[in-house]
Amino acid sequence: MKQKIAELIEQAVADLISKGALPEDLQPRVQIDNTKDKSHGEFASNIAMMLAKPARKSPRELATMVVDSLPSSQWIEKVEIAGPGFINFFLTDQGGFQIIHEIIEKKQQFGRSTKGAGEKLQVEFVSANPTGPLHVGHGRGAAYGETLSNLLEAVGYQVDREYYLNDAGRQMDILATSVWLRYLQQSGEKILFPSNGYKGDYVIELADQLVSEHSKRFSHDATDVMNSICDDEPAGGNKEQHIDQLIERAKQLLGTEDYRIVFDQGLNSIRADIEQDLEEFGIEYQCWFSERAMMESGKVDAAIEKLQDLGFIDEKEGALWFRSTDFGDDKDRVVKRDNGQPTYFASDIAYHLDKFQRGYKEVINIWGADHHGYMARVKAALKALGENPDRLKIRLVQFAILYRGKERLAMSTRSGSFITLRELRNEVGNDAARFFYVTRKVEQHMDFDLELAKSQSKDNPVYYIQYAHARIASVQKKLQEEGLAWDSNPEQYHLDRLIEPQEKSLINKLSLYPETILKSAEAGEPHLLVHYLRELAGAFHGYYTEHKVLVEDAEIRNARLTLYICTGQIIRNGLTLLGVSAPESM
RNA sequence: GCGCCCGUAGCUCAGCUGGAUAGAGUAACUGGCUUCGAACCAGUUGGUCGCACGUUCGAAUCGUGCCGGGCGCGCCA
């Protein structure tokens, strides 16, 4: 409808220009807004104010000219000029009812579009290190990434969801060593657990599995393990050195093959746990991309060599530096350490190059806000490699700070004291968790009070929306019980019987759904959809309490049922995109 | 010190590419179930939009400078 009105205005302006009433070089950027106040009609345009200056006329005078030149339309009841020069459009009933027919016709397809034209996009999200279970901080990225993917699919893109698995590097070595040391403790060795190791209970469980599957295969005397290892921090030493020496000792005593078994035991088990956790949360990836596999394939070395060939690598102090300052970064970055090991950044370069080569129109990364410093260097590397860095879109997700009442909860994986995503899901439920996470825009810091979410779960907005859906389902059930049915023949809708103000505003809300989806998707802001659904549910609840559906008058009944069915459809469509269920009863 | 994000009602947050009297939820208070589900509805109270300039017909929205909070600035991942 907006489009139709915009066309009318464009015609009017073009008409005025051809008559010489307006300058030729005028380029109208027609903007149609939804009005907040219905006394201003359904839609408003500020075109007269926009053109006032270039046309050298007063806004109101210009508005009059535009209105007089406006072609007539069956959808427009009347047009008024108001305020400083707004042109307000009042729709005819038929104009407003169009949307009802469209919803009934398209059902779950309503609101979806083909704007994306089937182009391929990739969304990479969560990508937490497989060193422990996901915690509530990861949950926000998970819910956001999945919802964004759903929205992009809804507007016609083909989306691949991807998880970058950091299954190589020092953190994983620390995990493997932690598991092994717990294993040794299980077998009765007196070993003081390193302060820098992973202390969570799940590490002990991994050690238990190791015992039951491999018995004493990895056993060694505590004295051999700890011999000549430097002191840990509590004993006055350096905790980083301490853990690094323990890693070396583990590799040396176990040998390549056995070390890999211990390593993989931890990796595979945690990865499986993460995958299951996310699946239960409604998220399935098209690809789990292994960093280790990428390194073993030689892609990381190849990327470094390519940069070297292009002349962007300097050798300093035994290390290889990528000259990222040539491409707008603050400082140059090491890609290969003096010990010959590639850095995390080197993997990232190779990984992003690989993504780009897989033919996506755009690659979207969802990162925690603490990673914002990496944007410049990754884009710099892509640019150096001859790729267009604008194809990489990075969305930063601010932290969710978890509270239990007033108490702020720790979220460190290493310390082992954190609330897992699974615990959160069990406590507040998947629907409330998914909904809560995307209610606020991602740039906002978020306070997540567990006690509130739990104790006041009845007041959670997600139930408000679901309740509207359940009420509609309930009415339909009641209809059947009374031996009645909704007449699905459009001739029998009798929409002209919808004359109540609550009906008008509900219809108006319904008509806003498609543009809400489009905007949410394009701006990457699922919270717009959340707020829309709340408003829609609000409009419905108000209507529901004021007017009965199952009235004697069959025409009014069918008209209202039609409106109910449309409302239920939109709530279902919206909640589905959010990954929230739309229950028939609750 | 430099960079990114944020500052709107007591609290948690919306406010669409600048648009008409700044909106929800929650909390507080008042009223509404013999009638399709009260997990609901109607109403009242509550704001110098952090502060100050600037841009213009018009600024919560854009620009600059302060103030306040969060995060980042490793041969860690």
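These numbers come from the heavy atoms of this one structure, side chains and all, not from hydrogens, waters or symmetry mates.
Remark: rA24(B) base-pairs with rU12(B). Criterion, Watson-Crick or G-U wobble with two distances under 3.5 Å. Pairing for rG46(B) is absent, judged as Watson-Crick or G-U wobble with the two contacts each under 3.5 Å. Across all strands shown, rG3(B) pairs with rC71(B); the Watson-Crick or G-U wobble distances both stay below 3.5 Å. Pairing for rU17(B) is absent, judged as Watson-Crick or G-U wobble with the two contacts each under 3.5 Å. Across the strands present, rA52(B) finds its partner in rU64(B); the criterion is a Watson-Crick or G-U wobble pair with both atom distances under 3.5 angstrom.
Applying the 5.5 angstrom centroid cut-off and the 30 degree plane-angle cut-off, the aromatic ring of His40(A) is stacked upon the base of rA20(B). Remark: ring of Phe86(A) stacked against base of rA20(B); centroid gap under 5.5 Å, plane tilt under 30°.
Using a 4.0 Å heavy-atom cutoff across all strands shown, Ala470(A) reaches at least one base atom of the nucleic acid. Note on Glu482(A): nothing from the nucleic acid sits closer than 4.0 angstrom, heavy atoms only. At a threshold of 4.0 angstrom between heavy atoms, the contacts of Lys331(A) are confined to the sugar-phosphate backbone, with no base atom among them. If you check every strand for non-hydrogen atoms under 4.0 Å, Ala44(A) touches a base. At a threshold of 4.0 angstrom between heavy atoms, the contacts of Met586(A) include nucleobase atoms, whether or not backbone atoms are also involved. Within 4.0 Å of Asn88(A), counting heavy atoms only, lies at least one base atom of the nucleic acid. Note on Lys548(A): a base of the nucleic acid sits closer than 4.0 angstrom, heavy atoms only. Residue contacts for His527(A): at a heavy-atom cut-off of 4.0 Å it reaches the sugar-phosphate backbone alone, with no base atom in range. Using a 4.0 Å heavy-atom criterion, one finds that Leu320(A) contacts no nucleic acid atom at all. Contacts of His445(A) with the nucleic acid, taken as non-hydrogen atoms under 4.0 Å apart, include base atoms. Contacts of Ala319(A) with the nucleic acid, taken as non-hydrogen atoms under 4.0 Å apart, include base atoms. Lys441(A) comes within 4.0 angstrom of sugar-phosphate atoms only, judged by non-hydrogen atoms across all strands, and of no base. Note on Gln466(A): nothing from the nucleic acid sits closer than 4.0 angstrom, heavy atoms only. If you check every strand for non-hydrogen atoms under 4.0 Å, Thr439(A) touches nothing.
For Ser585(A), taking side-chain heavy atoms from C-beta onward, the closest of the listed nucleotides rC40(B), rG37(B), rU17(B) is rG37(B). Nearest to the side-chain atoms of Gln31(A) among the listed nucleotides rU17(B), rC13(B), rA38(B) stands rU17(B). In this structure, of rC75(B), rC6(B), rU12(B), it is rC6(B) that holds the atom nearest to the side chain of Glu443(A). Picking from rC13(B), rC75(B), rC36(B) the nucleotide with the shortest atom distance to the side chain of Tyr564(A) gives rC36(B). Relative to the side chain of Lys519(A), the nucleotides rU17(B), rG37(B), rC76(B) differ in distance, and rU17(B) lies closest. Among rC76(B), rA14(B), rC4(B), the nucleotide with an atom closest to any side-chain atom of Gln444(A) is rA14(B). Residue Arg534(A) places its side chain closer to rA24(B) than to any other of rC16(B), rA24(B), rC75(B). Relative to the side chain of Lys478(A), the nucleotides rC76(B), rC13(B), rC36(B) differ in distance, and rC36(B) lies closest.
Interface remark: the Glu546(A) side chain does not form any donor-acceptor pair with the rC41(B) base, using a distance-only criterion of under 3.5 Å. For rG72(B), its base never sits under 3.5 Å from the side chain of Asp370(A) at any donor and acceptor pair. For His372(A) against rG3(B), a side-chain N or O and a base N or O form a donor-acceptor pair under 3.5 Å. Side-chain atoms of Asp33(A) stay outside donor-acceptor range of the base of rA20(B), with no qualifying N/O pair under 3.5 Å.
Nucleotides rG58(B) and rA24(B) place their P atoms 28 Å apart, quoted to the nearest Å. For the P atoms, the distance from rC6(B) to rC16(B) is 13 Å, rounded to whole Å. With P as the reference atom, rA14(B) and rC62(B) are 15 Å apart, rounded to whole Å. Here, rG47(B) and rG15(B) have their C1' atoms 14 Å apart, quoted to the whole Å. Comparing rG63(B) with rG18(B), their P atoms sit 11 Å apart, to the nearest whole Å. Nucleotides rC66(B) and rG74(B) place their C1' atoms 32 Å apart, quoted to the nearest Å. Nucleotides rC29(B) and rU35(B), compared at atom C1', are 29 Å apart to the nearest Å. Nucleotides rG25(B) and rA9(B) have their C1' atoms positioned 12 Å apart, rounded to a whole Å.
Note: CD (Gln476(A)) to P (rG37(B)) measures 12 Å, nearest angstrom. Across the protein-nucleic acid pair, His531(A) atom NE2 and rG15(B) atom P stand 7 Å apart, rounded to whole Å. Note: NE2 (His469(A)) to P (rC36(B)) measures 20 Å, nearest angstrom. For the pair Lys477(A) NZ and rC36(B) P, the computed distance is 14 Å after rounding to whole Å. Between the C1' atom of rA24(B) and the CZ atom of Arg440(A) lies a distance of 12 Å, rounded to the nearest Å. Between the CZ atom of Phe436(A) and the P atom of rU26(B) there is a distance of 13 Å, rounded to whole Å. What separates NE2 of His371(A) from C1' of rC5(B) is a distance of 16 Å, to the nearest Å.
Taking the charged nitrogens against the carboxylate oxygens, Asp348(A) and Arg333(A) have no contact shorter than 4.0 Å, which rules out a salt bridge. Ionic pairing of Lys115(A) and Glu522(A) is present here: one or more N-O contacts between side-chain nitrogen and carboxylate oxygen are shorter than 4.0 angstrom. A salt bridge does not link Arg395(A) with Glu124(A): every distance from a Lys NZ or Arg NE/NH1/NH2 to an Asp or Glu carboxylate oxygen is 4.0 Å or more. Ion pairing between Asp553(A) and Arg497(A) holds under the 4.0 Å rule for side-chain N and carboxylate O. Taking the charged nitrogens against the carboxylate oxygens, Asp167(A) and Arg271(A) have no contact shorter than 4.0 Å, which rules out a salt bridge. The residues Glu162(A) and Lys355(A) are annotated as not salt-bridged, no charged nitrogen and carboxylate oxygen being separated by less than 4.0 angstrom. A salt bridge links Asp301(A) with Lys336(A): the distance from a Lys NZ or Arg NE/NH1/NH2 to an Asp or Glu carboxylate oxygen falls below 4.0 Å.
Between Ala82(A) and His547(A), the residue anchored closer to the 5' end of RNA chain B is Ala82(A), taking for each the nucleotide with the nearest heavy atom. If you find the closest nucleotide of RNA chain B to Asn129(A) and to Tyr543(A), the one lying nearer the 5' end belongs to Tyr543(A).
Here Asp244(A) pairs with Arg170(A) under the salt bridge (charged side-chain N to carboxylate O under 4.0 Å, His left out) rule; sequence neighbours left out.
Using modelled atom types, no side-chain atom of Asp232(A) and backbone atom of His242(A) make a donor-acceptor pair closer than 3.5 Å.
Within 6.0 Å of NZ in Lys383(A) there are 12 or fewer heavy atoms belonging to other residues, nucleotides or ligands.
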